[in-house]
Amino acid sequence: MKTRSQTAPKPLKTVALGPRPGSPKRRPRPKPAGKGDLRAPKKPPTAFFYFMEDFRKTYKQENPSVKSMQEIGKACGEKWNTMAFEEKVKYYDIATEKRAEFEKAMIEYNKKKESGEMSEESD
DNA sequence: ATTATGATTGTTGTA
DNA sequence: TACAACAATCATAAT
């Protein structure tokens, strides 16, 4: 089975990967306190995030002194850009599968919503 | 105690 | 085509 890098072949493009034009402060995330749509499937992490999961472990092992994620984030980005495409494909595959699952979950979520989630809140 | 912020790239939706 | 917003993480600052 070969790597099904469907979306992998071209990680480039999109908008300038460098300094994005006009990047104002990202709006603060809504407080999780409101248990509104906890059942709504959230966007799956991207390949980069999966890579970060592994990277964090390694990074912490070699740099137990590091504290915040910011340094790790930079290190991740730098490493990611230097990573070989073949190694990236591995993460792209995971992300791709997760996206498919996410879409499926979204469909079921919509169905459930129409089913009776609106009038009766089980649980 | 609780919440927002900081940085990183990828994916997606909208105009 | 191009931009805006959001995904996880977690120490830190602020209230």
In this structure, how many angstroms lie between the [atom2] atom of [N] and the [atom1] atom of [X], rounded?
{"X": "A/Trp80", "N": "B/dA7", "atom1": "CH2", "atom2": "P", "result": "21 Å"}
{"X": "A/Arg56", "N": "B/dT8", "atom1": "CZ", "atom2": "C1'", "result": "13 Å"}
{"X": "A/Tyr50", "N": "B/dT8", "atom1": "OH", "atom2": "P", "result": "22 Å"}
{"X": "A/Glu71", "N": "C/dA11", "atom1": "CD", "atom2": "P", "result": "14 Å"}
{"X": "A/Asp54", "N": "C/dA8", "atom1": "CG", "atom2": "P", "result": "17 Å"}
{"X": "A/Met83", "N": "B/dT8", "atom1": "CE", "atom2": "P", "result": "18 Å"}
{"X": "A/Glu101", "N": "C/dA7", "atom1": "CD", "atom2": "C1'", "result": "15 Å"}
{"X": "A/Glu53", "N": "B/dT9", "atom1": "CD", "atom2": "P", "result": "17 Å"}

Subject >> Heavy-atom side-chain contact between A/Asp93 and A/Lys90 under 4.5 Å >> reply: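 No. Closest side-chain heavy atoms not under 4.5 Å.
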Original post:
Considering only heavy atoms from C-beta outward, does the side chain of A/Glu101 approach that of A/Lys98 to under 4.5 Å?
Top reply: yes
**OP:** Using the closest heavy atom to pick a nucleotide of DNA chain B for each, name whichever of A/Gly73 or A/Lys43 lands nearer the 5' end.
**Re:** A/Gly73
Subject >> A/Glu103 vs A/Gly77, nearer the 5' end of DNA chain B by closest nucleotide >> reply: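 The residue whose closest nucleotide sits nearer the 5' end is A/Gly77.
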**OP:** Taking ring pair (Phe, Tyr, Trp, His ring centres under 6.0 Å) as the test, write out the residues that go with A/Phe55, two or more places apart.
**Re:** A/Phe51, A/Tyr59
Subject >> Relative orientation of the end axes in the helix from B/dA1-C/dT15 to B/dA15-C/dT1, expressed as an angle to the nearest 10° (five pairs per end) >> reply: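 About 60°, once rounded to a multiple of 10°.
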Original post:
Out of B/dT11, C/dA8, C/dT9, which has the shortest distance to the side chain of A/Arg99?
Top reply: B/dT11
**OP:** Choose from C/dT9, B/dT9, B/dT12 the nucleotide whose nearest atom is closest to any side-chain atom of A/Asn81.
**Re:**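 So the nucleotide nearest the side chain must be B/dT9.
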Original post:
Between A/Phe49 and B/dG10, do the rings stack, that is, sit under 5.5 Å apart with planes less than 30° off each other?
Top reply: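 Aromatic stack with B/dG10 absent for A/Phe49.
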Subject >> Linked, directly or transitively: A/Phe48 and A/Met83 (ILVMFWY side chains, under 4.5 Å) >> reply: yes
**OP:** Heavy atoms only: give me the nearest A/Ala95-A/Tyr50 pair and the separation to one decimal.
**Re:** CA-CE1, 4.1 Å
Original post:
Do you know the tightest heavy-atom contact between A/Thr82 and A/Lys79?
Top reply: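 Closest pair (atom of A/Thr82, atom of A/Lys79, distance): OG1-O, 2.7 Å.
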**OP:** Applying side-chain hydrogen bond (donor to acceptor under 3.5 Å, both in side chains), name anything that partners A/Tyr91, two or more places apart in sequence or on another chain.
**Re:** A/Asp54
